[in-house]
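Input: a single structure, listed below in structure tokens.
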Amino acid sequence: MAEEKSLNFLEEIIDNDLKAGNYQSITTRFPPEPNGYLHLGHAKSICLNFGLALRFGGKTNLRFDDTNPVTEETEYVESIKNDVKWLGFTWANELYASDYFEQLHGFAIKLIEKGLAYVDDSKSEDIALQKGTPTKAGVANVYRSRSIEENLKLFADMKAGVYKDGEKVLRAKVDLASPNMHMRDPVIYRIKHAYHHRTGDTWCIYPMYDFAHGQSDSIEQVTHSICTLEFVPHRELYDWFIKNLEIYPSKQYEFARLNVTYTVMSKRKLLQLVTEKYVTGWDDPRMPTISAMRRRGYTPESIRDFCDRIGIAKRENLIDIGLLEFCVREHLNKIATRRMVVTDPLKVVITNYPEGKSEILTSENNPEDHDSGSREMPFSRQLYIEQDDFMEVPAKKYFRLAPGQMVRLKSAYIIKCEEVIKDGSGKVTELHCTYVPESKSGSDVSGINVKGVIHWVSAAHALPIEIRQYDRLFNIEDLSAGDEDFKVHINPNSLTVLNTVFAEPSLKDATAEDRFQFMRIGYFCLDTDSTKDKLVFNRTVTLRDMWAKEKK
RNA sequence: UGUCCUAUGGUGUAAUGGUAACACUGCAGAUUUUGAUUCUGCCUUUCUAGGUUCGAAUCCUAGUAGGACAACCA
């Protein structure tokens, strides 16, 4: 109870509503349109809507806003449900705007009967023209003054399939002179002879967003209908419909959508990346979709933590992708199993280690979790270490391997570089080292203190694997400006596949659920492309690397 | 040149008329058998101008800047 975290503006509104007795409990909803996969921005909304109900006592519905049959598919419905569940939330009811088509149709008739809606025969472009501009009032056309009886008849004919797509629409009769464009007689029903993923061919007229969303909220008695800022101008209409339909008064509130550096957060743009093959699919690990992040190795906990840290407000924001990375690292550091993997191998021969001999060494699975136990690793005469861990001419402050220098092999022995073997072109191909037998980890009596500790893999026992390293999808921070040209900023090096990679043998038992830290490299998880013969690992995120900065 | 929304360190978010704080980033150091983790310290902030008030980041007015709105999309 001492936990006094300050409230964001929505929590404050709800808190006040509850204290004032406006509601006994709250109902929120997460209302995706099933026309694409969920992304990080949706995660923010999901955490908000479900989080609010959890915090203040109430419930959250999952409602699909499926009023446009031409863009919506069952595949998307399934992926959305899966993603919400994976994020760790449970909805009170699974609902669809299409469940309300009958009711919504009744609402439309009620509006017509009240003289507040009319059938318009105009072409789409003409309606747009007649609406005027933000600075110039719209003008009425002849259809606006049709009689109630005629409107009823025409609307019935629209429903009966008498007309073709685009021939007629039903419009609300609001105010053509309103400074709010959305109040200038918005279209509320249009004709679409299209198969709907749930209602099939039952309907050929479908309600528009403005005539479906608020009404659905109302039907479900949603108390706080939370959406993003671009819907602010819709609020006046939202309230107008509720008032004139005389239905449950849900209230709409708006918060700023999430923007993250070096990525795009719009379903339209993400769809383009998919259809135009810039990525391999919605779950390509470079995408900011929930499914991609899951495949890449992000944990639901880390995404929730991120959503918690970015806060909720009404001002435009651009969150540093570094914060997301911080959140995953923080979680993965606690739970990831440590393994040694050499991504860019350099052969090392321990010249004073007997030929043919090998021994088993043990190493902790996770120093952050003492219950995680340890695993065994074979050590032998020939090893691989990272190319980066040797410098023939060491830089200042470099404390890894160099001619005549010593390092410790993690969980093994201290070795000293005695000889550098090169090929004809002068490239270092092999190192001859000696080891200090009494320096074995856990029973070191050598008295030698070395600063450098590097990872290694026994050559004879090494498991070849593939590693996929991901970088940011775009090479500029702020993609908000560009529209169609956002694709010119695509980072051509967003994916690097490494195929000469050697892992310690225990990694062969990796499962899809495992999270690994390849020591000194980064966090990884098994990719779905893995086969029995070839394990493929995705790099979720690198480890922080102060040395990389030092080098610059 | 209509209406609406917004403006606090580099990035986010708090401070609810009473000493501007927290996180991330950055920088410096300590510890470390991961140059990781952990720990310590430091840098940097109220868009401008008026007004109300004993007192303003907070309230008011004007300006400035950014954003949203003219889909038979949501």
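Not measured: the values here are computed from a predicted model. By convention in this document, chain letters (A, B, ...) are assigned in the order of the sequence lines, proteins followed by strands, and residues within each chain are numbered from 1. Just so it is clear, the values below take in all heavy atoms, side chains as well, and ignore hydrogens, waters and symmetry mates.
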Side chain of [X] - closest among [options]:
X: A:V169; options: B:C72, B:C24, B:G35; value: B:C72
X: A:W547; options: B:G35, B:U3, B:C73; value: B:G35
X: A:A128; options: B:U25, B:A71, B:U37; value: B:A71

Name the nucleic acid region contacted by [X], choosing base, sugar-phosphate or nothing; use a 4.0 angstrom heavy-atom cut-off, strictly under.
X: A:P367; value: base
X: A:H234; value: base
X: A:R329; value: nothing
X: A:K397; value: base
X: A:F231; value: base
X: A:K136; value: nothing
X: A:M340; value: nothing
X: A:S122; value: base
X: A:N180; value: nothing
X: A:G442; value: base
X: A:R235; value: nothing
X: A:M519; value: base
X: A:E254; value: nothing

Relative to each other, are the rings of A:Y206 and A:H196 parallel, tilted or perpendicular (30° and 60° limits)?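 Answer is parallel, since the angle falls under 30°.
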salt_bridge([X], [Y]) N-O dist < 4.0 Å:
X: A:R520; Y: A:D389; result: yes
X: A:R63; Y: A:D217; result: yes
X: A:E220; Y: A:R29; result: no

Treating a pair as Watson-Crick (purine N1 to pyrimidine N3 plus N6-O4 or O6-N4) or G-U wobble (N1-O2 and O6-N3) with both distances under 3.5 Å, list the stems of 3 or more consecutive pairs that involve RNA chain B.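 Ordered by first number, the stems with RNA chain B (at least 3 consecutive pairs each) read B:2-7 with B:64-69, B:10-13 with B:21-24, B:26-30 with B:38-42, B:47-51 with B:59-63.
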For the [atom1] atoms, the ones on [N] and on [M], what distance do you get once it is rounded to whole angstrom?
N: B:U16; M: B:C24; atom1: C1'; value: 25 Å
N: B:U44; M: B:G12; atom1: C1'; value: 15 Å
N: B:A56; M: B:U61; atom1: C1'; value: 15 Å
N: B:A20; M: B:U1; atom1: P; value: 43 Å

Please determine whether a side-chain nitrogen or oxygen atom of [X] lies at a distance below 4.0 Å from atom OP1 or OP2 of [N].
X: A:K549; N: B:G26; result: yes
X: A:R544; N: B:G35; result: no
X: A:K131; N: B:A71; result: no
X: A:T67; N: B:C73; result: no

Report yes or no: is the cationic atom of A:K159 (NZ for Lys, CZ for Arg) closer than 6.0 Å to the six-membered ring centre of A:W203, at no more than 45° off its axis?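 Ring-cation test returns yes.
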Looking only at the aromatic ring of each residue, does the gap between the centers of [Y] and [X] stay below 6.0 angstrom?
X: A:Y298; Y: A:H331; answer: no
X: A:F537; Y: A:F524; answer: no
X: A:Y523; Y: A:F516; answer: no

In the 5'-to-3' direction, what one-character label does each nucleotide of nucleotides 12-19 of chain B receive under the scheme B = base within less than 4.0 Å of a protein heavy atom, S = sugar-phosphate only, - = no such atom? SSS-B---
Distance-minimising heavy-atom pair for A:Y189 and A:F101: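 For A:Y189 and A:F101, the tightest heavy-atom pair comes out as OH-O, 4.0 Å.
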Could you report the tightest heavy-atom contact between A:V541 and A:R329, atom names first, then the distance?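 Minimum heavy-atom separation between A:V541 and A:R329: CG2-NH2, 3.7 Å.
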May A:Y209 be described as stacking on the base of B:A74, applying a 5.5 Å centroid limit and a 30° limit on plane angle?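 It does not: the ring fails the test against the base of B:A74.
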Picking from A:Y238, A:W240, A:F241, what satisfies ring-ring contact (aromatic ring centres under 6.0 Å, His included) with A:F211?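 So, applying the ring-ring contact (aromatic ring centres under 6.0 Å, His included) to A:F211 and each of A:Y238, A:W240, A:F241, only A:F241 qualifies.
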RNA chain B: 5'-proximal contact among A:P134 and A:S411 (nearest heavy atom):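 Going by which nucleotide is closer to the 5' end, it is A:P134.
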A:N68 or A:R520, whichever maps to the more 5' nucleotide of RNA chain B: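 By nearest-heavy-atom nucleotide position, the 5'-most residue is A:R520.
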Is A:K416 atom NZ crowded by more than 12 heavy atoms from other residues, nucleotides or ligands, each under 6.0 Å away?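 Atom NZ in A:K416 is not packed in, count stays at 12 or less.
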Other residues, nucleotides, ligands: >12 heavy atoms within 6.0 Å of A:K192 NZ: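 More than 12 heavy atoms, drawn from other residues, nucleotides or ligands, come within 6.0 Å of this atom.
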Check RNA chain B against residues 182-191 of chain A and give the residues with a non-hydrogen atom under 4.0 Å, in numerical order.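 Under 4.0 Å from RNA chain B: A:H182, A:V187, A:R190.
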May I ask you to test the A:H197-A:E73 pair for a side-chain heavy-atom distance under 4.5 Å?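 With C-beta onward as the side chain, the pair stays apart.
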